[in-house]
Amino acid sequence: MPEVVQGVMDYIGGKQPTLFAQKILTASDVNRQQNRFLIPQEDVNNLILPKLSQVERANLLAGLALKLYTSPGWDFTIFLSCRHTGGLVLRGRQWTMLLNNANIQLGDRVQIWSFRNAQDNELCLVIAKNNAA
């Protein structure tokens, strides 16, 4: 698990960290007009759907609001939602700002980790660059 994930969990009080998604960022993932991260279908099926509650799954059509952290104290509101062509995306107006804050760019290998907030059990995410893989 990347250090930033443990740092965020320690900062806000997190539990149950698990890998949520990973990929090399493509041009569409960093395009300002699209403001979204396309999640690989394999990660949707194997990593994401099994950890969502029934209520969270039901909210995917409208968009499930989540906090995505880039470091302790830096969080951005994003939405996990279904694409009209299938699959899931993380999207939101703050996506480009989030990438800049985390110093993430085209071609970087990234991991998104999930955890539950220990106080309210809300699903939270952390993005980490992992170019060593």
Side-chain angles (χ1 to χ4, degrees):
M1 177 172 60
E3 285 182 35
V4 68
V5 176
Q6 188 62 55
V8 168
M9 287 180 51
D10 291 345
Y11 181 77
I12 68 163
K15 62 182 183 178
Q16 302 170 332
T18 56
L19 185 62
F20 194 78
Q22 61 183 343
K23 70 183 279 192
I24 295 172
L25 290 185
T26 65
S28 66
D29 293 319
V30 299
N31 184 312
R32 288 180 178 266
Q33 294 175 339
Q34 294 192 28
N35 277 322
R36 62 105 175 111
F37 174 85
L38 178 60
I39 300 172
Q41 190 62 44
E42 182 176 332
D43 291 346
V44 171
N45 295 335
N46 298 329
L47 300 174
I48 298 172
L49 293 178
K51 66 182 62 137
L52 296 180
S53 70
Q54 287 183 332
V55 171
E56 289 167 338
R57 284 182 186 210
N59 287 326
L60 288 176
L61 287 176
L64 176 62
L66 300 171
K67 285 189 177 182
L68 192 150
Y69 292 83
T70 57
S71 62
W74 283 94
D75 66 89
F76 299 84
T77 300
I78 51 99
F79 296 88
L80 178 64
S81 58
C82 295
R83 292 180 67 209
H84 64 280
T85 57
L88 295 175
V89 294
L90 290 171
R91 62 182 172 165
R93 293 184 310 231
Q94 296 180 322
W95 180 249
T96 302
M97 187 183 341
L98 180 153
L99 293 177
N100 290 334
N101 180 274
N103 194 29
I104 294 173
Q105 55 195 338
L106 176 66
D108 282 342
R109 180 183 304 273
V110 296
Q111 291 183 330
I112 296 180
W113 287 74
S114 68
F115 65 92
R116 295 285 175 175
N117 183 314
Q119 291 183 11
D120 59 15
N121 207 41
E122 290 294 317
L123 182 66
C124 300
L125 304 176
V126 180
I127 191 167
K129 192 179 340 186
N130 185 18
N131 285 335

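Bear in mind that the values here come from a model prediction, so they are computed numbers and not experimental data.
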Asks: Got a sec, which residues hit ring pair (Phe, Tyr, Trp, His ring centres under 6.0 Å) with Y69, two or more places apart in sequence or on another chain?
Replies: none
Asks: What distance do N117 atom CG and K15 atom NZ have between them, rounded to the nearest 0.5 Å?
Replies: 8.5 Å
Asks: Per the side chain to side chain donor-acceptor pair (under 3.5 Å) rule, what does the pair list look like for residues 95-108, sequence neighbours excluded?
Replies: N35-T96, T70-N101, D108-N131
Asks: Please answer: with hydrophobic residues joined when any side-chain heavy atoms are less than 4.5 Å apart, are F79 and L99 in the same cluster?
Replies: no
Asks: Please check if the side chain of K23 supplies one atom and the backbone of L38 the other of a donor-acceptor pair under 3.5 Å.
Replies: yes
Asks: Would you call M9 and C124 a side-chain contact if the rule is heavy atoms closer than 4.5 Å?
Replies: no
Asks: Quick check: closest heavy atoms across G73 and Y11, and the distance to 0.1 Å?
Replies: N-CE2, 3.4 Å
Asks: Only counting residues at least two apart or in another chain, list the ones meeting side-chain contact (heavy atoms from CB on, under 4.5 Å) with P2.
Replies: V4, V5, Q111, W113, A128
Asks: Please check if the number of heavy atoms outside R57 that lie under 6.0 Å from its CZ is greater than 12.
Replies: yes
Asks: Same hydrophobic cluster for L80 and L98, using side-chain heavy-atom links shorter than 4.5 Å among ILVMFWY?
Replies: yes
Asks: Hydrogens and angles aside, do T26 and D29 bring a side-chain donor and acceptor to less than 3.5 Å of each other?
Replies: yes
Asks: Mind listing the closest non-hydrogen atom pair of L106 and V30 along with its distance?
Replies: N-CG1, 3.8 Å
Asks: Within a strict 4.5 Å, meaning less than it, do heavy atoms of the L25 and F37 side chains meet?
Replies: yes
Asks: What closest approach, in Å, do K51 and S114 show between heavy atoms, and which atom pair accounts for it?
Replies: CD-OG, 3.3 Å
Asks: Please tell me whether V89 and L66 are part of a single hydrophobic cluster in this structure, the criterion being side-chain heavy atoms less than 4.5 Å apart.
Replies: no
Asks: Drop me the distance from L60's CG to R83's CZ, to the nearest 0.5 angstrom.
Replies: 14.5 Å
Asks: Give the minimum heavy-atom separation between S71 and V8, together with the two atoms involved.
Replies: C-CG2, 3.6 Å
Asks: Taking all non-hydrogen atoms of both residues into account, name the closest pair between E56 and L64 and its distance.
Replies: CB-CD2, 3.8 Å
Asks: For the atom pair CG (L88) and CZ (R36), what is the distance rounded to the nearest 0.5 Å?
Replies: 12.0 Å
Asks: Is any side-chain heavy atom of I78 closer than 4.5 Å to one of L125?
Replies: yes
Asks: In chain order, what residues pass the salt bridge (Lys or Arg N to Asp or Glu O under 4.0 Å) check against R91, with sequence neighbours excluded?
Replies: none
Asks: Should I39 and I112 be counted in the same cluster of Ile, Leu, Val, Met, Phe, Trp and Tyr side chains packed under 4.5 Å apart?
Replies: yes
Asks: Is atom CD of Q41 surrounded by more than 12 heavy atoms (other residues, nucleotides or ligands) closer than 6.0 Å?
Replies: yes
Asks: Report yes if the side chains of R116 and L123 come closer than 4.5 Å at any heavy-atom pair, otherwise no.
Replies: yes
Asks: Please list all pairs passing the ring pair (Phe, Tyr, Trp, His ring centres under 6.0 Å) test where one or both residues lie in residues 45-67, with sequence neighbours left out.
Replies: none
Asks: If the condition is side-chain contact (heavy atoms from CB on, under 4.5 Å), which residues does Q94 pass it with, not counting sequence neighbours?
Replies: F76, T77, M97
Asks: Using modelled atom types only, decide if a donor and an acceptor are shared between the side chain of D43 and the backbone of Q22 within a distance under 3.5 Å.
Replies: yes
Asks: Do L90 and I24 share a hydrophobic cluster (ILVMFWY, side-chain heavy atoms under 4.5 Å, transitive)?
Replies: no
